[in-house]
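In what follows, a single structure is set out as structure tokens and then discussed.
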Amino acid sequence: MVRIIASRQAVLTVRLASGDLVVTVRNIRRHGRFVKARFPLMAGNWKMHGDHLQAVAQVQKLASALSAKDFDCSEVAVLPPFTSLRGVQTLVDGDKLRIAYGAQDLSPHDSGAYTGEVSGPMLAELGCRYVLAGHFEVRQSGQHVAYTLGQLDGSLDGVPAPAVASLVIAYEPVWAIGTGEVATAEDAQEAASAIRSQISVVHGPETAGSVRILYGGSVKVSNIAPIMAQPDVDGALVGGASLDAGQFAQICRYRELSVS
Ligand code: PGA
């Protein structure tokens, strides 16, 4: 599965169909190779777990388990259910926490008679920095990398390069989601590198160098370090293990864990 995680910048850019936003994080390309200068993102996808009170308690625990140094090394984000977003916003703003947050879905429409939908502008008003904007499944076959890239092209078709540069793309093998089976670090790197190369072909090397690519699928404290050591993997989309603030904090501190 590949999920496109749109940052607020990208959502607004796509919505306004303007290519005039300045991309602030620039990456350096030396001797034809990308230097990993992208700021890692560790995102906790809480799915449909917990009410708003539990979400607030979770964010408080996470914030106290992480130090200023941890936040200097990685961006930490949580994606709670819609019903928890306002509570998380109040806490993050009130306590000036360095935790970003976002939603798990959004409507393609800005407003109107769409029962049950929630729009990008509504999420932006709540201070959401990210949203899981879409996903598609990759069939398991010998051609799965080629299939992934075809689907990726379809998803990004018509999106201007500056917006693509500020997207986050999560590669998650379907068989690894929620199963306890994790991809090898080499497989995660192979998929991330193929995604980056394809973006380079379609949107140019600078865009490809800026886009952050995450691995997702049964990420845990015991497997995160070698995955994060891969040059094209810029972070993780963590499901089950992000529901425990202590475990998620350890995952965010992957630098302190042994790679082997
Ligand atoms: P998991 O979920 O970490 O529980 O496998 C990953 C996801 O679906 O984002």
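First listed ligand is number 1; within each ligand, the first listed atom is number 1.
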In this structure, CG of D110 is separated from CD of E117 (nearest 0.5 Å) by 11.5 Å
Relative to the heavy atoms of G178, which atoms of ligand 1 are at a distance of less than 4.0 Å?
1 (P), 4 (O), 5 (O)
Taking atom NZ of K220 as the centre, report whether more than 12 heavy atoms of other residues, nucleotides or ligands fall under 6.0 Å from it.
yes
Output for pair (I213 CD1, S193 OG), nearest 0.5 Å, gives 8.0 Å
Which ligand 1 atoms, with their elements, are less than 4.0 angstrom from a heavy-atom of G239?
1 (P), 2 (O), 3 (O), 4 (O), 6 (C)
Approximate separation, where rounding is to 0.5 Å, of I195 CD1 and S200 OG:
13.5 Å
How long is the straight-line distance from CZ of F82 back to CG of L123, given to the nearest 0.5 Å?
6.0 Å
Part of I177 within contact of ligand 1 (heavy atoms, under 4.0 Å)
both
List ligand 1 atoms under 4.0 Å from G240, heavy atoms only on the residue side.
1 (P), 3 (O), 4 (O)
For ligand 1, which atoms sit closer than 4.0 Å to a heavy atom of L237?
9 (O)
Min heavy-atom dist A176 to ligand 1 below 4.0 Å
yes
Do any heavy atoms of G216 fall under 4.0 Å from ligand 1?
no
Taking atom OH of Y130 and atom CG of L167, what is their separation to the nearest 0.5 Å?
11.0 Å
Just which atoms of ligand 1 are under 4.0 Å from any heavy atom in G217?
5 (O)
Any idea how H109 and Y114 line up, ring-wise: parallel (<30°), tilted (30 to 60°), or perpendicular (>60°)?
parallel
Hey, does K47 sit under 4.0 Å from ligand 1 if you only count heavy atoms?
yes
Given S242, S218, A241, which has its nearest heavy atom closest to atom 1 (P) of ligand 1?
S218
E172 versus ligand 1: do any nitrogen or oxygen atoms come within less than 3.5 Å of each other?
yes
CE of M228 to CE of M42: how many Å apart, nearest 0.5 Å?
5.0 Å
